[in-house]
Amino acid sequence: MHKRRIVLFLLIFILISTGFAQQREQVSPDGKQAREYFVASLVKIAEPVLEALSKNELKKTMPVETTAHPWGDRKQVTYLEAFGRTLSGIAPWLELGPDKTEEGRLREKYIQLTLKSIHNATDPDSPDFMNFTEGGQPLVDAAFFAQGLLRAPVQLWEGLDKQTQANVLKVLKSTREISPAYSNWLLFTAMVEAALLKFEGQADMVRIEYALNKHKEWYLGDGMYGDGPDFHWDYYNSYVIQPMLLDIGVVLKETKEALEGWRYKAFLRDYRLFMERAQRYAAIQERLISPDGTYPPIGRSLPYRYGAFQALSQMALLQKLPDELNPAQVRSALYAVVKKHHTAPDMFDGNGWLTLGFYGRDPEIAEGYLSTGSLYLCTEVFLVLGLAPDTQFWTDPPANWTQKRIWNGEKVQRDHAYYPKKEQQPDWETVIDSTSFAGYDNFEKDWNYLYPWGNDHNGSARMYAGSENREQVTLNDGILQIKATPVEKNEGKSSKPPYQQISYHSGAVHAKHHLTISEEYPWYRVSGEFKAPVAKGTWPAFWLTAVDGWPPESDILEFKGDTFNWQNTFITPAEVSTIKKNIPDAMEKWHEYTAVLKRTDDEMVTIDYFIDGKKTGTHRANFTGKPLWLIINLQMEGSSGSPGPETETFYYARNVTVQRATKL
């Protein structure tokens with residue numbers, strides 16, 4: 001009897017334990033149920049904002065909750081925050097348009113509320129006309145506002161009357177007076193300009209290209225960008241950076257006439273990288289979600305709550321998830337995150353407004369720049385509602401996400417860092433090899449003395465060199481030496497502009513081979529090691545210039561009287577791209593200077609510049625089909641300042657090579 005009781009007790013314990021375990025094991029709903037929950041959640045969040053604003057009562061009714069020590073008067077900015085961020089998150093769902101389903105009729109209601117809200121927010125005579133200019137914060141939320149319009153161009157932009165469209169364009173342009181911080185804020189100016197480009201056909205392209213170029217520069221690796229020059233371990237790659245890079249990119253892809261042909265092709269390559277990086281970041285985001293829907297509360301702006309997963313939701317919306325993620329596991333993971341947040345009893349106040357906090361209400365977890373309006377960035381997690389109900393994201397059966405699979409004992413794929421596919425290198429043919437300075441016989445097979453046009457150029461040095469004159473240009477142990485010597489007698493002025501007084505004898509050499517980027521030879525690589533003078537008035541160069549007129553020109557090495565090397569590309573006399581690099585020991589140590597020219601099309605080439613094997617930058621220029629001279633010279637004064645040295649100056653070169661390649 002005693003044994004039977006023990007067995008019975010054990011059976012009951014096992015059943016109860018199994019029941020508890022099953023209760024703890026969250027079961028993901030199917031796609032239809034998940035979508036209904038997402039719609040209900042989005043509507044619950046957005047309704048107070050849109051209902052009030054559509055009636056011109058947002059400022060009248062919305063509470064403004066802040067932390068104990070807010071930054072300034074948050075009432076001046078919080079209303080645009082609430083609306084701009086809500087619009088950005090709800091827009092893809094609205095863009096599906098109305099239909100006869102229950103959800104379609106609900107969308108129709110919110111489309112109309114949103115159109116009225118846009119009118120009231122941008123009408124100067126409206127009680128709810130919003131602040132687009134006072135302080136810095138309006139730039140941020142004008143960008144979210146613009147992003148929302150871009151995400152629903154048919155239902156929202158085209159649904160506006162002409163006067164409201166004009167008002168929208170006016171308020172967006174008014175934000176141009178706000179200077180962005182040197183951080184992710186550059187994307188806010190770019191997003192505003194992208195909307196102007198899309199809806200008006202004109203934009204300040206410098207603002208767009210500058211933001212994209214800086215973020216290319218701030219890319220850190222493995223799908224992550226710095227927030228400006230620094231790395232911040234927070235969710236701003238998802239709150240702002242990755243989504244805005246892609247949305248701005250979509251506009252540029254659609255309006256290719258905004259970029260010149262070669263710039264557009266270059267942008268397409270950049271956009272491919274933006275997309276690949278965003279895919280990797282989406283994979284990382286999915287792995288952050290624990291089996292119960294929690295995730296690390298890292299970094300600032302945590303009260304944006306599940307807006308932290310905008311990037312993952314956006315990649316699902318674009319149907320560009322990385323291969324290792326299937327749509328159903330992302331749906332299930334996002335559902336778990338939203339559901340977990342909603343278990344907090346005080347995420348909303350009694351009137352349905354979001355409260356300040358992360359899990360529920362906790363104002364002191366918020367930074368001083370946050371207030372009630374800021375919180376509506378959480379709507380970004382619902383971007384996936386822009387996918388129609390019959391897409392794979394919603395129709396596939398539930399699937400466990402990565403952490404849930406791991407902690408259930410299931411097998412998962414290895415995780416690896418992202419590296420872009422490296423471009424295949426060509427099979428180089430050597431035109432001038434590194435032995436051309438090994439002796440005068442070798443040298444004179446590949447090189448001519450002086451400039452291609454003679455003795456004079458744009459400085460105060462006249463070139464003297466040749467088989468009968470070894471004074472200024474000499475060879476010794478594989479090293480080319482060029483010497484500039486001050487002159488004592490008056491030799492008049494240079495025969496070339498700006499016609500400077502000749503003050504030095506120096507040397508120049510140029511390669512006999514003409515470098516021509518062509519369909520036959522689309523690649524050239526020019527490289528050499530140099531010790532270059534950097535004193536005031538010294539002007540050494542290793543450069544390419546046009547055989548037939550000027551420009552083009554590409555300066556691979558150019559020091560102009562100090563320790564900064566200039567790598568310049570001249571397309572026209574006025575259109576010049578420059579990379580400056582400080583090399584304090586340029587004269588004391590050998591450094592390698594390289595340019596790789598690659599044909600893009602019948603007009604354009606890219607030029608990748610390197611110093612000591614490290615890429616310094618890329619320029620693009622219309623050099624295809626234009627033959628180029630390669631020149632090594634030591635000019636004096638001119639752009640390097642004056643007076644120049646009163647003693648001899650030396651410039652050394654070795655291992656200079658020219659290579660070319662046919663198509664891969």
Side-chain angles (χ1 to χ4, degrees), residues 45 49 62-89 130-132 134-145 147 175 178-189 191 215 218 224-244 285 288 294-311 337 340-341 344 346-349 353-381:
I45 294 166
V49 176
M62 192 180 95
V64 182
E65 186 180 19
T66 66
T67 191
H69 301 288
W71 295 4
D73 184 1
R74 303 318 295 172
K75 281 191 176 183
Q76 295 298 314
V77 297
T78 196
Y79 306 109
L80 181 57
E81 285 185 298
F83 180 47
R85 297 171 189 218
T86 298
L87 186 68
S88 181
M130 295 188 172
N131 168 26
F132 285 87
E134 296 298 320
Q137 185 67 38
L139 173 61
V140 177
D141 297 296
F144 283 114
F145 174 58
Q147 187 177 36
T175 66
I178 302 173
S179 179
Y182 192 61
S183 65
N184 72 83
W185 276 46
L186 295 181
L187 290 170
F188 301 140
T189 62
M191 181 60 73
H215 280 82
W218 293 336
M224 295 285 287
Y225 297 88
D227 192 357
D230 300 323
F231 174 65
H232 293 177
W233 223 138
D234 55 28
Y235 291 101
Y236 271 81
N237 265 258
S238 189
Y239 295 147
V240 175
I241 297 171
Q242 307 264 14
M244 287 198 175
Q285 284 219 300
L288 292 177
T294 58
Y295 56 96
I298 296 172
R300 60 196 176 98
S301 300
L302 288 175
Y304 296 164
R305 295 184 170 100
Y306 37 62
F309 292 95
Q310 175 181 196
V337 170
K340 183 64 178 180
H341 271 287
D346 51 358
M347 181 171 167
F348 301 89
D349 71 10
W353 299 96
L354 289 169
T355 60
L356 201 59
F358 177 65
Y359 182 66
R361 182 176 181 273
D362 178 12
E364 293 313 303
I365 204 172
E367 289 77 12
Y369 56 80
L370 300 183
S371 60
T372 301
S374 315
L375 312 178
Y376 287 83
L377 193 143
C378 71
T379 58
E380 303 284 10
V381 79

Qualifying residues under salt bridge (charged side-chain N to carboxylate O under 4.0 Å, His left out), relative to Asp346, sequence neighbours excluded: none
Test ring-ring contact (aromatic ring centres under 6.0 Å, His included) applied to Tyr306 - qualifying residues, sequence neighbours left out: His341, His342, Phe382
Within the 6.0 Å centroid threshold, strictly below: Tyr304 and Tyr369: no
Partner residues of Ser371 under the side chain to side chain contact (heavy atoms under 4.5 Å, CB included) criterion, sequence neighbours left out: Val64, Thr66, Arg74, Thr78, Glu81, Ser374
Counterpart residues, side-chain hydrogen bond (donor to acceptor under 3.5 Å, both in side chains), relative to Tyr235 (two or more places apart): none
Partners passing side-chain hydrogen bond (donor to acceptor under 3.5 Å, both in side chains) against Tyr225 (at least two apart in sequence or in another chain): Arg277
Residues in ring-ring contact (aromatic ring centres under 6.0 Å, His included) contact with Phe83, at least two apart in sequence or another chain: Phe145
ring-ring contact (aromatic ring centres under 6.0 Å, His included) partners of Trp185, counting only residues at least two apart: Phe188
pair Leu186-Met244: side-chain heavy atoms closer than 4.5 Å: no
Flag side-chain contact, heavy atom, 4.5 Å: Tyr376 against Trp353: yes
Counterpart residues, ring-ring contact (aromatic ring centres under 6.0 Å, His included), relative to Tyr359 (two or more places apart): none
Side chain to side chain contact (heavy atoms under 4.5 Å, CB included) involving Ser88 - partner list, sequence neighbours excluded: Phe144, Gln147, Arg151, Glu380
Side chain to side chain contact (heavy atoms under 4.5 Å, CB included) partners for Asp73, two or more places apart: Lys75, Gln76
Listed once per pair and sorted, the salt bridge (Lys or Arg N to Asp or Glu O under 4.0 Å) pairs that draw on residues 357-368, sequence neighbours left out: Glu65-Arg361
Partners passing side-chain hydrogen bond (donor to acceptor under 3.5 Å, both in side chains) against Asn131 (at least two apart in sequence or in another chain): none
